[in-house]
Number of protein chains: 2
Amino acid sequence: MSKPVIVGLVDDHVLLRKGLASLLVDNGYPLVIQADNGKQFIDKLSGDEIPNIVLLDINMPVMDGYATAIWLKEHYPQMKILALSMYDDEHSIIRMLRNGAGGYILKDCEPAELKIAIEAILQKGYYHNELVSSKLIHTMQNADNGSARNGYPELSTKEVKFLQLICSEMTYKEISAVMKLSPRTIDGYRDALFEKLGIKSRVGLVMFAIRNHLINV
Amino acid sequence: MSKPVIVGLVDDHVLLRKGLASLLVDNGYPLVIQADNGKQFIDKLSGDEIPNIVLLDINMPVMDGYATAIWLKEHYPQMKILALSMYDDEHSIIRMLRNGAGGYILKDCEPAELKIAIEAILQKGYYHNELVSSKLIHTMQNADNGSARNGYPELSTKEVKFLQLICSEMTYKEISAVMKLSPRTIDGYRDALFEKLGIKSRVGLVMFAIRNHLINV
DNA sequence: GTGAAAAAGGGTGAAAACACCTACTTAAAG
DNA sequence: CTTTAAGTAGGTGTTTTCACCCTTTTTCAC
């Protein structure tokens, strides 16, 4: 054994986090730095106890897993990231991997797999299980015909904003006022999204936004 | 100390469950019976090690927390139930309490609260924290003017079915065909729901259905 | 600067969604 | 047996959504 491994653990569900911390301690990782969200975790990094690896939840208040991963890769590029999520959808997986995660495991996996994943990431820098591989392959196969690394076509900032506003009871006219754009332009956004995503109605766009976690329900 | 307490733990998120089990053991509850879902838990009850209290997750595959609570109250009425969920919405809370839960805590609560809750339920049979109390009061205050124990007005089976179909790209006409009713009747369903729920558009109904877990996203 | 591409803005008409009002049928409640 | 309430169904008209055509402005590479 060389230096002891320090594990970061970022999750807003306190019971899960403390329970997981207890598991980690039992499995030979006595040094666990916990945080409620990305922001709080970053604030704890000022000392000299810098984690070698961080288990990062995606859905958190204040600062979520996506943003945290980007920040960590920027400021602590040597720190390994293992994404930890409830969701097994392509979008979330691909996005976390793009943002610098070395692996992605589900919250309903076996503790044994967690241990294997941690060891793999510490040694090889990555851990790709069945789940991640299948999604990666699927994304790659669709990457040439327009789909990008998200599992669906690239969306602009304004399109995302539009998709979020669409999930309200506002009419397109009211949305155009909020976005300070002409109603016609909004019309164009909608038609472009219909075309890109193969959707035919506003309700379809709403469901797309929800399924891809573009809004918080 | 009298007889040792046996704790049941039903949750499909393996990491959370095993972590929580570890926490429970550390806190003086060495006897924990774990299960992935309600069905599996029921199957484990044949022996003579019957839990005094069960920590029951709501969202699980195969057999969820609602159904499990009802079954337990029917077959093991002496077993205490503590609902354990990620969601703090009125609907879920009220429904679990109606189904026999003695308490309801969130997955992001502190372990200390969990312990307090377990002790209270074992001794008094119930544990009502701030969260539960406020939702209970709100429900009671609205109970006279139409709102029922769900936190929103009672919905008929067909209305629920309608709300589920509304979350698709079908037009009302197509929905009427699926439900074998006149388009006018469907129109009436929509208007009645608008009125009852204070909603003004189809998108609003879609969001309502999702927020109240009437459909799986 | 020029030319291509992307973003924004526009018109018209059909279909869908929404508002409001009435009527019949059935089943429970008086 | 009548009254009420709930479920079903219809008529009419307005607003919103959607489809398909187009032009202007902005951006950016060359």
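Just so we're on the same page: letters track the sequence lines, and every chain starts at 1. What's counted below: heavy atoms across the whole structure, side chains too, no hydrogens, waters or symmetry copies.
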Which angle, to the nearest 10 degrees, lies between the helix axes at the two ends of the helix from dG1(C)-dC30(D) to dG30(C)-dC1(D), each defined by five pairs?
40°
SB check Lys18(A) Glu110(B) (cutoff 4.0 Å)
yes
Using a strict 4.0 Å threshold on nitrogen-to-oxygen distance, state whether Arg184(B) and Asp187(B) make a salt bridge.
no
Quick one: Asp191(A) CG to dT17(D) P, roughly how many Å, whole number?
13 Å
Write down the distance between CZ (Arg190(B)) and C1' (dT8(D)), rounded to a whole number of angstrom.
15 Å
The reported gap from CD1 in Ile186(B) to CE in Met179(B) (rounded to nearest 0.5 angstrom) is 5.0 Å
Closest approach of Tyr104(B) and Leu82(B), non-hydrogen atoms and distance?
N-CD1, 3.8 Å
For nucleotides 24-29 of chain C, read 5' to 3', which letter fits each nucleotide if B means a protein heavy atom sits under 4.0 Å from the base, S means only the sugar-phosphate is that close, and - means neither?
------
If you round to the nearest 0.5 Å, how far is NZ of Lys124(A) from NZ of Lys80(A)?
12.5 Å
Please give, in whole Å, the distance from dG7(D) C1' to Lys196(B) NZ?
12 Å
Does Lys200(A) put a side-chain nitrogen or oxygen below 4.0 Å from OP1 or OP2 of dT17(D)?
no
Hey, does the side-chain of Arg184(B) have a donor or acceptor N/O within less than 3.5 Å of a partner on the base of dT12(D)?
yes
List for me each residue that meets ring pair (Phe, Tyr, Trp, His ring centres under 6.0 Å) alongside His13(A), sequence neighbours excluded, and say none if there are none.
none
Close residues, residues 160-181 of chain A, relative to DNA chain D [heavy-atom separation under 4.0 Å]:
Thr171(A), Tyr172(A)
Are Arg17(B) and Asp108(A) ion-paired here, with the side-chain N under 4.0 Å from a carboxylate O?
no
Between Tyr189(A) and dA8(C), is there a side-chain N or O to OP1/OP2 distance below 4.0 Å?
yes
Closest non-hydrogen contact found for Ile81(B) with Ile121(B) is O-CD1, 4.0 Å
To the nearest angstrom, the CD1-C1' distance between Ile186(A) and dA19(D) comes to 17 Å
Please give, in whole Å, the distance from dC22(D) P to Asp187(A) CG?
17 Å
Report yes or no: does Glu119(B) contribute a side-chain atom to a donor-acceptor pair with the main-chain N or O of Ile116(B) at less than 3.5 Å?
no
Counting only pairs under 3.5 Å, give me each side-chain donor-acceptor contact of residues 51-59 of chain B, with atom names and distances, residues two or more places apart or in other chains.
from, atom 1, to, atom 2, distance (Å)
Asn52(B), OD1, Ile6(B), N, 2.7
Asp57(B), OD1, Lys107(B), NZ, 3.4

Categorize Thr185(B) for me: base, sugar-phosphate, or nothing, with a 4.0 angstrom heavy-atom threshold over every strand shown.
base
So does Ser182(A) get a side-chain nitrogen or oxygen closer than 4.0 Å to the phosphate oxygens (OP1/OP2) of dG10(C)?
yes
Can you list the residues that meet the side chain to side chain contact (heavy atoms under 4.5 Å, CB included) rule with Ile42(B), with sequence neighbours excluded?
Met63(B), Trp71(B)
